[in-house]
Chemist: 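Here it is: the structure, laid out below.
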Amino acid sequence: MRELATALNADDITVEAWAGWILTSCTVPTDSYPVRLDILADATTPPERISYLLPSGAANFTGSFFTPREHNLAQHLREHGSLVIGVTPREDALPSATEAATAAMGLSQHSADLARVVEAVDAVLRLPFEVIGHSGGAATALDFAAKDTSTRLDRIVVLDNVGPYTDPALIADAKGSVAAFQAALAAGRLGLDGVTGILALYDRPQHEPTETPRPGGHPGNFTVGGQLHHHLIRTAHLALPFRLVYHESHFAGTYTFAENPAEDSWELHHTPAARYRQALRAYGSGVIPFAFIRDTAAIWCGDTSVHHLDFANIRAKVLWLNTTKGMGDHPNGAGLIRAGGNPHVTYRVIEGYGHHDPTLGANASRDIWPLLTTH
């Protein structure tokens with residue numbers, strides 16, 4: 001790992017040695033803020049492949065794939081023969097969303113940073129590799145694969161994202177989002193904080209009333225616990241200046257309104273609330289650059305003048321797993337890859353899971369992770 005860190009010109013190198021595994025973490029300098037790498041290796045068995053893990057927007061490797069530390073997707077991949085390299089993008093190191101460098105943190109920068117890491121690692125290890133991305137990380141994985149010419153890229157795994165929509169209403173929504181992000185950038189608003197508000201709800205007494213009215217004609221204001229869980233379970237119904245593309249939620253669950261807000265009830269089906277809190281506390285800045293979500297929205301509506309992702313140019317194997325409560329059943333991206341002449345495309349929708357459940361869910365190790373390690 002030291003040789004690899006040297007090849008990457010890495011800084012801030014730390015090594016943790018545990019029973020059975022070793023975690024080496026470092027930062028890779030760029031022209032603005034660094035990319036962070038977390039390299040998880042088995043302590044006794046040489047790897048058969050490299051699995052690059054790309055986190056969702058606002059998140060980092062630890063929050064997306066390494067929570068809790070002993071039982072997570074990264075450890076699952078290590079146990080099945082992978083050297084795991086988590087690639088956390090530059091924005092995790094930002095001091096705030098107002099930093100000028102945020103304006104350049106679009107999808108092309110993300111995939112170019114990944115390409116530089118892959119090239120340096122490949123020069124040292126010469127192993128077949130796969131790129132696994134969740135949510136925004138999946139967009140980076142696809143963009144990287146469309147440009148990659150390596151003979152060792154074996155597979156791309158998409159966890160809950162979509163290619164170009166075919167539904168006119170969803171295309172119109174995505175176009176509206178592109179316009180909203182373009183306008184925000186032009187006005188000097190460069191990103192949003194995707195973490196602080198949620199953590200603030202976690203940190204307050206859950207029974208306290210808030211100043212947020214309950215929706216749908218239900219009288220009264222949420223309690224803190226009610227607002228938090230409504231946000232997690234009914235995410236698609238939040239009042240935002242742009243449309244979240246979830247069919248329903250961050251996390252699959254049920255929320256039931258009562259006559260009295262203090263008597264509202266809720267249940268998360270897969271991911272314990274405490275686990276998500278633990279993941280959020282592992283995040284860095286929590287910033288989501290508007291340039292990045294503008295580019296992903298451009299893919300959804302097919303606006304190639306903003307960002308062009310050539311699905312037909314993806315030659316690696318593709319495993320595309322969406323969730324019914326998250327991004328939903330939208331197979332067009334996978335279909336465009338097949339139409340380009342790639343027969344090695346598997347598309348599947350996981351019933352009853354929300355957007356973050358595949359990485360953090362208590363049952364994901366049974367329901368989803370084996371799909372990634374059955375080669």
Side-chain angles (χ1 to χ4, degrees), residues 1 4-14 23-41 47 49-67 72-78 82-94 104-125 127-148 150 152-159 161 279 282-289 292 295-296 316 359 372:
M1 293 304 105
L4 185 54
T6 300
L8 291 161
N9 193 29
D11 296 322
D12 305 319
I13 302 169
T14 62
L23 179 66
T24 303
S25 302
C26 61
T27 57
V28 179
T30 72
D31 59 358
S32 61
Y33 287 85
V35 172
R36 178 182 171 89
L37 301 185
D38 292 279
I39 305 168
L40 179 66
R49 74 191 71 82
I50 300 168
S51 295
Y52 292 94
L53 295 185
L54 312 183
S56 59
N60 56 20
F61 165 78
T62 303
S64 277
F65 303 114
F66 207 62
T67 301
N72 50 64
L73 180 55
Q75 295 284 21
H76 176 84
L77 293 166
R78 174 191 63 81
S82 286
L83 175 70
V84 176
I85 302 181
V87 183
T88 296
R90 305 184 193 196
E91 58 263 27
D92 192 61
L94 286 169
M105 294 179 178
L107 181 52
S108 292
Q109 185 186 86
H110 283 70
S111 58
D113 283 346
L114 174 62
R116 282 190 288 272
V117 170
V118 169
E119 181 180 13
V121 172
D122 188 59
V124 175
L125 297 180
L127 284 171
F129 67 94
E130 63 183 358
V131 182
I132 301 170
H134 174 235
S135 189
T140 301
L142 290 163
D143 198 59
F144 166 82
K147 300 167 183 173
D148 182 71
S150 169
R152 276 183 280 274
L153 174 58
D154 179 57
R155 186 174 69 160
I156 296 296
V157 179
V158 174
L159 296 176
N161 208 326
Y283 290 10
S285 71
V287 170
I288 308 174
F292 183 81
D295 292 347
T296 56
T359 57
L372 277 64

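If you're wondering where the values come from, they're calculated on a predicted model, not measured in any experiment.
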Chemist: Quick one: are Pro29 and Asp11 in side-chain contact, heavy atoms under 4.5 Å?
Modeler: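 Yes, side chains in contact.
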Chemist: Can you find a heavy atom in the side chain of Pro289 that is under 4.5 Å from one in the side chain of Gln109?
Modeler: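 Answer no - side chains too far apart.
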Chemist: Can you name the closest pair of heavy atoms from Ala74 and Phe66 and give their distance?
Modeler: CB-CD1, 3.9 Å
Chemist: Apply side chain to side chain donor-acceptor pair (under 3.5 Å) to Ser135 and list each qualifying residue two or more places apart in sequence or on a separate chain.
Modeler: His355
Chemist: Please report the closest heavy-atom contact between Ala138 and Leu159, naming both atoms and the distance.
Modeler: CB-N, 4.2 Å
Chemist: First locate atom CG of Asp38, then atom OG1 of Thr62, and finally report the distance between them rounded to the nearest 0.5 Å.
Modeler: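 Going from CG on Asp38 over to OG1 on Thr62, the span is 5.0 Å.
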Chemist: Please report the shortest heavy-atom distance between Met105 and His110, naming the atom on each side.
Modeler: O-CE1, 3.3 Å
Chemist: Output the distance between atom OG1 (Thr359) and atom CG (Leu73), rounded to the nearest 0.5 Å.
Modeler: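 It comes to 7.5 Å.
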Chemist: Judged by atom type as modelled, is there a donor-acceptor pair below 3.5 Å linking the side chain of Asp154 to the main-chain atoms of Pro128?
Modeler: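 No, because the side chain of Asp154 does not come within donor-acceptor range (under 3.5 Å) of the backbone of Pro128.
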Chemist: Who are the side chain to side chain donor-acceptor pair (under 3.5 Å) partners of Ser32, not counting sequence neighbours?
Modeler: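 Testing Ser32 for side chain to side chain donor-acceptor pair (under 3.5 Å), a comparison that skips the adjacent residues, returns Arg90.
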Chemist: So how far is it from Thr24 OG1 to Leu83 CG, rounded to the nearest 0.5 Å?
Modeler: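 Those atoms lie 9.0 Å apart.
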Chemist: If you look at every heavy atom in Ser111 and Phe144, which pair is closest and at what distance?
Modeler: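 Closest approach of Ser111 to Phe144: CB-N, 3.9 Å.
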Chemist: Give a yes or no answer on whether the side chain of Ser150 reaches the backbone of Arg152 with a donor-acceptor pair at less than 3.5 Å.
Modeler: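 Yes; at least one donor-acceptor contact below 3.5 Å.
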Chemist: With a 4.5 Å heavy-atom cut-off, do Tyr52 and Val117 have their side chains touching?
Modeler: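 When only atoms from C-beta onward are counted, Val117 and Tyr52 do touch, with a gap below 4.5 Å.
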Chemist: Quick one: CZ on Arg155 to CD1 on Ile132, what's the gap to the nearest 0.5 Å?
Modeler: 6.0 Å
Chemist: If you look at every heavy atom in Asp92 and Gly284, which pair is closest and at what distance?
Modeler: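 Nearest pair, atom of Asp92 first, then Gly284: OD1-N, 2.9 Å.
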Chemist: Counting distance only, does the side-chain N/O of Asn60 pair as donor-acceptor with the main-chain N or O of Ala282 below 3.5 Å?
Modeler: yes
Chemist: Is any side-chain heavy atom of Lys147 less than 4.5 Å from a side-chain heavy atom of Ser108?
Modeler: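 Yes; the side chains approach each other to less than 4.5 Å.
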Chemist: Considering all heavy atoms of both residues, which atom of Thr67 and which atom of Asn72 are nearest to each other, and what is their separation?
Modeler: N-CB, 3.9 Å
Chemist: Tell me, do Pro55 and Pro89 make a side-chain contact under 4.5 Å, heavy atoms counted?
Modeler: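 They are in side-chain contact.
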Chemist: Is the backbone N or O of Thr14 less than 3.5 Å from a side-chain atom of Ser25, with the two atoms forming a donor-acceptor pair by type?
Modeler: no
Chemist: Is there side-chain contact between Val28 and Asn9, with heavy atoms separated by less than 4.5 Å?
Modeler: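 With C-beta onward as the side chain, the pair stays apart.
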Chemist: Measuring from atom CD1 of Ile50 to atom CG of Leu125, what distance do you get when rounded to the nearest 0.5 angstrom?
Modeler: 4.5 Å
Chemist: Is it true that a side-chain atom of Glu91 and a backbone atom of Val287 form a donor plus acceptor pair closer than 3.5 Å?
Modeler: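 Answer holds: no.
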Chemist: What's the spacing between Phe65 CZ and Leu77 CG if we round to 0.5 Å?
Modeler: 9.0 Å
